[in-house]
Amino acid sequence: MSSSDAAPSPRRAVSAAGLRLPICATCGVQYAGPRDDCPVCLDERQYVGWEGQQWLTLEDLRAGGRHGRLREEGPGVVGVGAEPAVAVGQRALLIRAPSGNVLWDCVGYLDDDLAARIEELGGVSAITVSHPHFYGVMTEWGRVFDAPVYVHAADRDWVGRPDPLITYWSGDTHPIAPGMTLINAGTHFAGGTVLHWASDPEGRGALFSGDIFMVVMDRRWVSFMYSIPNYIPERPSTIRRALDLVEPFAFDRIYGAFWGRVVTEDGAGAVRRSAERYLRFVGE
């Protein structure tokens, strides 16, 4: 399904200010005001676009023909993105839980039609984000749906548009709803977060990993990278800590960062096997 289909009049609206705030064209992160550079892209894990720093706004993206995209990605899980894709090209995931929908990760796009379609699905009760590359326009999403945005405190300095609705959590784990736990795996970024859903519709558990555990093209495996575009491998000690943290949690599915990147069975085993393979190669 696509938000470009016929839809009712929007009940949620993007703010006038949100429409005009600058969004980095390379990473899709929105900032609170004009600036010369994007700290997220200046970091060694990302890059400044080859044509130099470029800026967009939600208004520009709308005028350029972008529209929202919704598509089922798994049981009780709806993918949320934009067509054409924005910046990095990740999709978010709307987790349709009985206690309230949770938006996992964010994108650099939102319009009134997309907000109305999500409202039809039950809206958003909370937003959880894996790491800075996927902050997108998370503050605008939070404001439109009056939902708290959960960011690990270790990544607080990367937030480009601070707001009181952003909740900075700390420590290794943090429950946000019945059967839903945030885990600070710490790969890719110090605050790198995955979300465990114990009560998924299949009853087998699901892990939402973004790029923290990166579901690769062979969807039986994941990988662990400090920088994905610059091919910098993650440190073995960081991976071992992440494995220890997720070991108590059972899950069959792993939802990665991009459309269709889903491990559909034996997810916990896939993480263990993938880590063993990774550590074997970097150790030789």
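Note: hydrogens, waters and symmetry copies are ignored here, and every other heavy atom, side chains too, is used.
In terms of hydrophobic clustering, with Ile, Leu, Val, Met, Phe, Trp and Tyr side chains grouped at heavy-atom distances under 4.5 Å, Val144 and Val159 are assigned to a common cluster. Cluster annotation: Leu19 and Leu114 are assigned to the same hydrophobic cluster (Ile/Leu/Val/Met/Phe/Trp/Tyr, side-chain heavy-atom contacts under 4.5 Å, transitive). Follow the hydrophobic side-chain contacts under 4.5 Å out from Phe224 and you reach Ile212 in the same cluster. By the criterion of side-chain heavy atoms lying less than 4.5 angstrom apart, applied directly or through intervening Ile, Leu, Val, Met, Phe, Trp or Tyr residues, Val246 is not grouped with Leu182; the two fall into different hydrophobic clusters. The hydrophobic clustering, which links ILVMFWY residues whose side-chain heavy atoms are closer than 4.5 Å, places Phe145 and Leu165 together.
Two residues are said to be in side-chain contact when any heavy atoms from C-beta on lie closer than 4.5 Å; Trp141 and Ile118 meet this criterion. Contact annotation: the side chain of Leu195 never approaches that of Leu207 to less than 4.5 Å [non-hydrogen atoms, C-beta and beyond]. Side-chain contact between Val78 and Leu93 is absent, with no heavy-atom pair separated by less than 4.5 Å. For the pair Met138 and Ile166, the minimum side-chain heavy-atom distance is below 4.5 Å. The closest side-chain heavy-atom distance from Met180 to His196 is not below 4.5 Å. Between Cys38 and Gln53, the closest side-chain pair of non-hydrogen atoms falls below 4.5 Å. At least one side-chain heavy atom of His131 sits under 4.5 Å from a side-chain heavy atom of Asp211. Using a 4.5 Å heavy-atom cutoff, the side chains of Val222 and Ile254 are in contact.
Atom CG of Asp172 sits in a crowded spot, with more than 12 heavy atoms from other residues, nucleotides or ligands closer than 6.0 Å. The 12-atom threshold is exceeded at CD of Glu59, counting heavy atoms of other residues, nucleotides or ligands nearer than 6.0 Å. Sparse packing is recorded around CZ of Arg220, with 12 or fewer heavy atoms of other residues, nucleotides or ligands lying under 6.0 Å away. No more than 12 heavy atoms of other residues, nucleotides or ligands shown are found within 6.0 angstrom of CZ on Arg156.
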*Show the numbers, then the answer: is there a side-chain contact (heavy atoms from CB on, under 4.5 Å) between Tyr135 and Val40?*
CA-CA 10 Å; Tyr135 285 174; Val40 172; 5.8 Å; no
_Run Glu44 and Tyr226 through side-chain contact (heavy atoms from CB on, under 4.5 Å) and show every step you take._
CA-CA 9 Å; Glu44 65 180 350; Tyr226 180 73; 3.3 Å; yes
*Check step by step if side-chain hydrogen bond (donor to acceptor under 3.5 Å, both in side chains) holds for Glu140 and Ser15.*
CA-CA 8 Å; Glu140 193 61 31; Ser15 68; 3.0 Å; yes
*Test side-chain contact (heavy atoms from CB on, under 4.5 Å) on Trp55 and Asp60 and set out the steps.*
CA-CA 10 Å; Trp55 298 102; Asp60 295 333; over 6 Å; no
*Report the C-alpha distance between Val102 and Trp197 in whole Å, list the side-chain angles of each, state the deciding distance to 0.1 Å, and finish with yes or no for side-chain contact (heavy atoms from CB on, under 4.5 Å).*
CA-CA 11 Å; Val102 172; Trp197 188 20; over 6 Å; no
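By the 30° and 60° cut-offs, the orientation of the rings of His133 relative to His188 is perpendicular. Using cut-offs of 30° and 60° for the angle between ring planes, the Trp158 and Phe189 rings count as perpendicular.
Going from atom CG of Leu56 over to atom OH of Tyr109 covers 12.0 Å, rounded to the nearest 0.5 Å. From Ser274, atom OG reaches atom CZ of Phe213 across 10.0 Å, with rounding to the nearest 0.5 Å. Note: Ile23 CD1 to Tyr31 OH = 11.5 Å, rounded to the nearest 0.5 Å. Here CG of Asp218 is found 12.0 Å from OG of Ser223. Values are rounded to the nearest 0.5 Å. For the atom pair His67 NE2 and Leu61 CG, the distance stands at 13.0 Å (nearest 0.5 Å). In this structure, CD on Glu83 lies 9.5 Å from CZ on Arg71, to the nearest 0.5 angstrom.
The backbone N or O of Pro148 sits nowhere less than 3.5 Å from a side-chain atom of Thr167 that would complete a donor-acceptor pair.
Between Arg253 and Glu202, at least one side-chain N (NZ, or NE/NH1/NH2) sits under 4.0 Å from a carboxylate O, which counts as a salt bridge. By the 4.0 Å N-to-carboxylate-O rule, Arg91 lies close enough to Glu73 to be salt-bridged with it. With respect to the salt-bridge test (charged N to carboxylate O, under 4.0 angstrom), the residues Arg35 and Asp37 qualify. Look at Asp200 and Arg96 and you find no salt bridge, because none of the NZ, NE, NH1 or NH2 atoms lies under 4.0 Å from a carboxylate O. In summary, Arg117 and Glu119 do not engage in a salt bridge, as defined by a charged side-chain N under 4.0 Å from a carboxylate O.
When all heavy atoms are compared, the tightest approach of Asn184 to Gly192 is ND2-O, 3.2 Å.
For the pair Arg204 and Phe251, the cation-pi criterion (under 6.0 Å, within 45° of the ring axis) is not fulfilled.
Thr128 pairs with exactly one of Thr193, Ile95, Ile176 by the side-chain contact (heavy atoms from CB on, under 4.5 Å) rule, that one being Ile176.
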